[in-house]
Amino acid sequence: MNYHFNFAPILEQWPLLLSGIGLGLLLALVSIAIGSVLGLVVAFASRAPSRWLRSLAFTWISILRNLPILVIVLFLFFGMPQLGLSLDKITSFVVALSLYASAYMAEVFRGGLLSVPQGLVEAGQAIGLTSLRIKRYIVLPIMFRNALPAFGNNFISLFKDTSLAATIAVPELTFYARKINSETFRVIEVWLVASLLYIVCCYAITLVLRAMEKRLVLEKA
Amino acid sequence: MTPIVEVRDLHKRFGELEVLKGIDFTVAEGEVVSIIGASGSGKTTLLRCLNLLEEFHRGDVLIGGEAIGYHLRRGQRVRIGEREVARQRAMTGMVFQAFNLFPHMSALDNVTLGLTKVRGMPRPQAVELADHWLDRVGMLKRRDHRPSQLSGGQQQRVAIARAIAMSPKVMLFDEATSALDPERVGEVLETIRSLAQEGMTMVLVTHEMRFARDVSDKVVFMEDGRIAEQGPPQRLFLNPESPRLQAFLKTSSF
Ligand SMILES: Nc1ncnc2c1ncn2[C@@H]1O[C@H](COP(=O)(O)OP(=O)(O)OP(=O)(O)O)[C@@H](O)[C@H]1O
Ligand SMILES: [Mg+2]
């Protein structure tokens with residue numbers, strides 16, 4: 001094999017590659033934020049006294065968890081306009097990714113809620129806290145800490161899933177890599193650089209989250 | 001004088017299982033009452049009814065003369081609303097077997113949470129009061145430690161400070177020392193004893209017979225959801241009347 005690597009035509013395009021990575025991170029951040037809020041609501045609904053709410057929550061989770069993310073993306077982008085609701089491609093992708101994230105985050109938070117010992121809730125009741133305050137000062141803070149590692153894994157998955165946005169021409173990293181690929185035909189180099197960028201980013205996210213976990217996750221008493 | 005705690009004909013069921021079958025007893029101000037009895041006799045359940053962690057089905061519990069948990073509406077017994085329940089719970093202080101400190105907060109914040117959020121105290125005042133009680137239980141030096149950085153005995157002393165700082169009318173202890181390493185039991189019993197000597201009204205569920213004998217003004221012996229015998233410790237421990245209590249004391253260690 002005597003392939004001559006030539007990275008120059010790709011590295012010349014670094015502003016595009018960087019803006020692609022930046023957009024991907026932004027999409028993942030916004031989606032996990034919206035998905036977490038939705039997921040939290042769904043997690044509480046899944047443990048609500050009302051049977052109706054509980055089944056709604058479980059339906060939500062099982063539908064979204066059993067759909068491939070690409071199908072949700074394409075459905076929203078190409079399907080919704082037929083129903084009279086057209087969103088621009090970035091909004092449409094964020095909605096898709098947020099919905100998808102909400103199901104996974106709901107599961108994370110459900111686990112987190114279960115991990116809060118009943119004795120702590122009772123200790124809060126015993127000093128006269130109302131149930132809303134018990135949620136706010138005891139259950140939620142402990143749940144978030146316990147959920148942090150799973151949250152990190154989901155965030156990394158979502159970040160990688162942003163590469164699917166290329167299919168509807170959202171200009172993130174994969175989209176630009178494909179563009180540069182077709183302009184330069186340096187196939188191996190393009191995808192090597194793109195892969196490396198994804199790996200470095202994911203690794204950096206992992207490091208940041210580990211540092212957060214170290215400070216926030218509770219050791220067992 | 002109205003008793004601090006008055007329990008009248010208290011009944012409690014878990015589904016079909018009747019766990020409390022008509023309990024009557026009172027605790028006067030400054031009195032220390034120990035509840036003893038075999039495992040499963042209903043001691044914990046009784047204590048949890050006193051601060052509404054359990055609902056009950058018949059009878060009354062009065063704290064400082066106020067009937068808690070229920071009121072009558074058109075002759076029907078109705079559970080009171082959540083805010084009222086919370087207010088009534090704060091009339092008693094509870095110390096749990098497993099400490100149940102909030103793991104994400106320092107010892108200090110464990111104590112101030114109720115003061116600021118329930119009593120509505122400004123933070124500086126809450127900290128001052130919390131410091132006073134942490135000092136009282138010998139934990140002031142570790143006020144900034146998390147529960148995970150404290151031994152069981154230290155955690156339990158913080159839990160006592162957390163409960164008593166709310167100035168409850170009565171302190172409830174559910175086997176406060178059973179989860180501790182043997183060498184940590186003494187420090188917690190000492191703390192409880194000194195609070196008792198200061199005139200704090202208390203109800204203690206305990207397996208520490210010697211302690212019950214030494215600190216209590218009254219001992220209540222429970223047997224299968226009923227009070228089989230109650231009275232001053234000297235009489236119950238030295239001259240138990242019921243055969244059940246005689247048998248129970250034989251199997252208990254002092
Ligand atoms: N949440 C519950 N659901 C159903 N049954 C319960 C519940 N809590 C307690 N019981 C039952 O009620 C009875 C009394 O229990 P309780 O915990 O009050 O006993 P105890 O005297 O405190 O015993 P121990 O000395 O072991 O702590 C037991 O038969 C127990 O199994
Ligand atoms: Mg018990």
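Residue numbers begin at 1 in each chain, while the letters A, B, ... track the order of the sequences. Values below: all heavy atoms of this structure, side chains included; hydrogens, waters and symmetry mates excluded.
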Which atoms form the tightest heavy-atom contact between [X] and [Y], and what is the distance?
X	Y	value
M94(B)	A126(A)	CB-CB, 3.9 Å
L113(B)	L129(A)	CD2-CD1, 3.8 Å
G128(A)	A90(B)	CA-CB, 4.1 Å
L120(A)	F102(B)	O-CE2, 3.5 Å

In Å and rounded to the nearest 0.5 Å, what is the [atom1] to [atom2] distance from [X] to [Y]?
X	Y	atom1	atom2	value
T130(A)	R87(B)	OG1	CZ	14.0 Å
T92(B)	I127(A)	OG1	CD1	11.5 Å
Y137(A)	H104(B)	OH	NE2	10.5 Å

Answer with side chain, backbone, both or neither: which region of [X] has an atom nearer than 4.5 Å to a non-hydrogen atom of chain A?
X	value
R48(B)	side chain
M91(B)	neither
L101(B)	backbone

Around atom [atom1] of [X], are there more than 12 heavy atoms of other residues, nucleotides or ligands at under 6.0 Å?
X	atom1	answer
R13(B)	CZ	no
F58(A)	CZ	yes
R193(B)	CZ	yes
E128(B)	CD	no
L132(A)	CG	no
R79(B)	CZ	yes
E198(B)	CD	yes
R142(B)	CZ	no

Is [X] reaching over with its side chain to a backbone N or O of [Y], donor-acceptor style, under 3.5 angstrom?
X	Y	answer
R133(A)	K117(B)	yes
N100(B)	G119(A)	yes
Q125(A)	L53(B)	no

- Message: With side chain to side chain contact (heavy atoms under 4.5 Å, CB included) as the test, pick out the partner of P103(B) among I138(A), I142(A), V116(A).
- Response: I142(A)
- Query: Picking from Q88(B), M166(B), R89(B), which has the most non-hydrogen pairs under 4.5 angstrom with chain A?
  - Reply: R89(B)
